[in-house]
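Data block below; observations after.
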Amino acid sequence: MAIPAFVFSSGNLPKLKAKQLSKAFPHLKLSAAQEATARALGYSSWFECSQRGLLGQPSPSDQEAGLTVRVARYCHQAGVLMKIGITPSEADRWVRTWGLTGQSTLAPEYGRPRYCVWNEALERFERGEIDESLLLEEFGEQCYSKYPEIDRPQRVCPGVILGPMGKYPHYVVDPAIGAQIPIYLRGPHSNFHYEDDGDVLAMCVPGFPAGKAMEKIFPRLNRIQHEWHFGTKHPEASDKSISKLVAAAMARPDELMVVSQRWMPTPGGEYDHSRYALACLRGSDFAAFLNTKGVIDPSSVIWFRDVELSRHFEEWSDWLDGFVWGPELPPLPVFEGARKHQPSVPLYSYPFMKAPMSGDEYGGNSEHHCLLPLDEDYDDEYATDEADFVGEVNG
């Protein structure tokens with residue numbers, strides 16, 4: 001979804017926002033953060049942003065422009081961040097903290113990657129600036145954990161920290177390393193389940209102890225994943241399939257393929273199980289998605305809301321969300337009834353519940369708020385004062 005370039009009223013705005021982005025994601029050099037900021041504002045480069053950003057009437061803020069405009073901007077901004085390797089979940093939360101084109105709606109501590117928060121705490125502990133009791137008080141958790149011995153963040157290897165996160169501990173990964181993990185293994189978060197995802201880190205992170213990878217009940221890779229990862233057919237398949245799927249999709253380049261089928265959210269955090277939101281790609285974009293190993297451009301996703309389905313697309317939604325382990329593929333997911341429905345503004349900035357394709361990261365074939373719908377805000381307890389955030393960055 002293309003957006004008009006944002007005209008700002010102060011030349012300091014893009015400079016400040018680029019500094020905020022670089023501070024939140026320290027692996028980004030300031031020059032990279034500046035280019036990303038410019039693209040997120042709707043410009044092709046930092047130079048163009050600097051030259052044209054003050055020309056004309058200032059654009060209305062997200063709050064002034066209305067919900068439809070805000071949703072489009074959030075989706076675009078998150079997509080820009082995903083393209084530079086920031087995980088979908090962290091991108092989605094950061095645009096709410098960033099307040100690039102309006103007021104921030106999420107406090108900085110909830111917009112920063114968990115790895116950066118834990119790493120900063122461990123560095124303070126290692127320098128003697130905080131003691132063990134304060135580390136436990138701020139970041140410890142034991143009561144509900146299946147592994148009470150993992151009661152605080154602890155380094156596993158360079159770039160990976162293991163720590164408590166509810167019932168199961170999770171590994172968190174330095175965003176610089178996470179950007180190198182294929183999206184079909186990484187999923188939308190940079191959190192990796194202690195029991196399920198050690199094998200992914202053992203495959204992808206230098207120095208990660210191989211002994212931390214617990215035995216898998218299911219094979220990690222299904223048919224598409226296996227071809228993406230190894231370039232060969234799945235051991236249980238009779239033939240490779242991606243080239244055939246690409247050819248089939250290109251034969252129908254303008255028809256819509258359903259890549260994700262989601263229950264419609266309702267007020268109060270519930271879901272309407274009789275109505276769906278569908279995230280679709282045109283046949284040519286679906287072919288590109290397969291050829292780029294699961295990398296998806298959010299701007300190419302076409303959303304439909306409040307759809308009553310006569311045919312369900314769980315087969316492909318499940319494949320692309322990692323739920324199905326068998327080698328055989330379902331038919332091409334053509335949305336035959338698309339002409340009966342009007343496209344809508346995006347529901348999420350990233351269409352998948354989990355990825356393509358992290359099979360065990362969240363477990364269970366059920367809807368999950370790994371991302372908040374774009375037209376909703378976090379509860380007031382997570383909100384921030386924009387002035388406080390600006391002061392913190394400038395300081």
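Computed from a predicted structure; not experimentally measured. Starting from 1, each residue takes its place in the sequence as its number. All values below come from the heavy atoms of this structure, side chains included, with hydrogens, waters and symmetry mates left out.
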Single-linkage hydrophobic cluster, 4.5 Å side-chain cutoff, Val7 and Trp46 together: no
For residues Tyr378 and Tyr110, establish whether the separation of their ring centroids is below 6.0 Å. no
How are the rings of His273 and Trp263 set relative to one another: parallel (under 30°), tilted (30 to 60°) or perpendicular (over 60°)? parallel
For the side chain of Arg152 and the backbone of Gly140, is there at least one donor-acceptor N/O pair under 3.5 Å apart? no
According to a hydrophobic-cluster definition based on side-chain heavy atoms being under 4.5 Å apart (Ile, Leu, Val, Met, Phe, Trp, Tyr only), do Trp303 and Val69 belong together? no
Phe230 CZ: over 12 foreign heavy atoms closer than 6.0 Å: yes
Minimum heavy-atom separation for Pro373 and Pro265, please, with both atom names. CG-CG, 4.1 Å
Check: Phe139 and Leu122 side chains under 4.5 Å, non-hydrogen atoms: no
Is there a donor-acceptor pair under 3.5 Å between the side chain of Ser22 and the backbone N or O of Lys29? no
Inter-residue atom distance Arg262.CZ - Leu278.CG, 0.5 Å rounding: 11.5 Å
Any sub-3.5 Å donor-acceptor pair from Lys17's side-chain atoms to Leu100's backbone N or O? no
Is a side-chain N or O of Lys83 found less than 3.5 angstrom from the main chain of Ala36, in a donor-acceptor match? no
Between Asn119 and Asp174, does the side-chain contact (heavy atoms from CB on, under 4.5 Å) criterion hold? Intermediate values first, please. CA-CA 9 Å; Asn119 184 59; Asp174 186 332; over 6 Å; no
Do Tyr115 and Ile177 belong together in a cluster built from hydrophobic side chains that touch within less than 4.5 Å? no
Examine the side chains of Ser349 and Asp92 and answer whether a donor and an acceptor come within less than 3.5 Å of each other. yes
Using 0.5 Å steps for rounding, measure from the CD atom of Gln225 to the CG atom of Leu185. 6.5 Å
Atom pair CG (Leu256) and CZ (Arg339), whose distance is rounded to the nearest 0.5 Å: 8.5 Å
Working note: Lys293 + Ile183, criterion side-chain contact (heavy atoms from CB on, under 4.5 Å); need CA distance, chi angles, decisive distance, verdict. CA-CA 8 Å; Lys293 300 184 177 182; Ile183 187 64; over 6 Å; no
Any chance you could lay out the side-chain contact (heavy atoms from CB on, under 4.5 Å) test for Val200 and Phe192, step after step, and finish with the verdict? CA-CA 8 Å; Val200 173; Phe192 293 83; 4.0 Å; yes
Using the salt bridge (Lys or Arg N to Asp or Glu O under 4.0 Å) criterion, which residues pair with Glu48? Sequence neighbours excluded. Arg52
Treating Arg70 as the side-chain partner and Leu374 as the backbone partner, does any N or O pair qualify as donor plus acceptor under 3.5 Å? yes
Expected output: side-chain His226 to main-chain Thr232 donor-acceptor under 3.5 Å: yes
Looking at Gln342, I want to see if its CD is surrounded by more than 12 non-hydrogen atoms of other residues, nucleotides or ligands under 6.0 Å. no
Closest approach of Pro169 and Ile150, non-hydrogen atoms and distance? CG-CD1, 3.8 Å
Thr101 side chain reached by Ser59 side chain, heavy atoms, under 4.5 Å: no
Any link between Val259 and Val334 through a network of hydrophobic side chains (Ile, Leu, Val, Met, Phe, Trp, Tyr) touching at under 4.5 Å? yes
Return yes when atom CD of Glu270 has more than 12 non-hydrogen atoms of other residues, nucleotides or ligands closer than 6.0 Å, and no otherwise. no
Would you call Ser145 and Pro164 a side-chain contact if the rule is heavy atoms closer than 4.5 Å? no
Counting C-beta onward and ignoring hydrogens, is there a side-chain heavy-atom pair between Gln77 and Leu81 closer than 4.5 Å? no
Asp197 CG to Ile181 CD1 distance, which is reported to the nearest 0.5 Å: 9.5 Å
From His229 atom NE2 to Tyr184 atom OH, the distance as rounded to the nearest 0.5 Å: 5.0 Å
Under the 3.5 angstrom rule, does the side chain of Glu227 hit a backbone N or O of Lys240 as a donor-acceptor pair? no
If I compare all heavy atoms of Ala72 with all of Ile3, which pair ends up nearest, and what's the gap? O-CG2, 3.8 Å
Would you call the rings of Phe352 and Tyr350 parallel, tilted or perpendicular if under 30° counts as parallel and over 60° as perpendicular? perpendicular
Would you confirm whether Arg96, through its side chain, and Asp377, through its main-chain N or O, come within 3.5 Å as a donor-acceptor pair? no
Taking Val172 as the fixed residue, which of Val156, Ile161, Val117 is the one that meets the side-chain contact (heavy atoms from CB on, under 4.5 Å) rule? Ile161
Can you say whether the rings of Phe304 and His341 are parallel (under 30°), tilted (30 to 60°) or perpendicular (over 60°)? perpendicular
What closest approach, in Å, do Val307 and Phe335 show between heavy atoms, and which atom pair accounts for it? CG1-CZ, 4.4 Å
Salt bridge Arg282-Glu255, side-chain N to carboxylate O under 4.0 Å: no
Pairwise distance CH2(Trp98) to OG1(Thr105) - rounded to 0.5 angstrom: 14.0 Å
Is any side-chain heavy atom of Val246 closer than 4.5 Å to a side-chain heavy atom of Ile242? yes
Is there a side-chain contact between Ile84 and Glu35 (heavy atoms, below 4.5 Å)? no
Which heavy atom in Met250 sits nearest to a heavy atom in Ser284, and how many Å separate them? SD-CA, 3.7 Å
Kindly indicate, with the supporting measurements, whether the criterion side-chain contact (heavy atoms from CB on, under 4.5 Å) is fulfilled by Phe289 and Met257. CA-CA 11 Å; Phe289 164 79; Met257 314 286 169; over 6 Å; no
Correct closest heavy-atom pair for Glu64 and Pro60 would be OE1-CA, 3.4 Å
Is any side-chain heavy atom of Arg305 less than 4.5 Å from a side-chain heavy atom of Val345? yes
Please check if Leu30 and Phe25 belong to a single hydrophobic cluster, counting links between Ile, Leu, Val, Met, Phe, Trp and Tyr side chain heavy atoms closer than 4.5 Å. no
Any sub-3.5 Å donor-acceptor pair from Lys233's side-chain atoms to Ser238's backbone N or O? no
Under a plain distance cut-off of 3.5 Å, with no hydrogens placed, do Ser61 and Gln103 share a side-chain donor-acceptor pair? no
Do the non-hydrogen side-chain atoms of Leu41 and Phe8 ever get within less than 4.5 Å of each other? yes
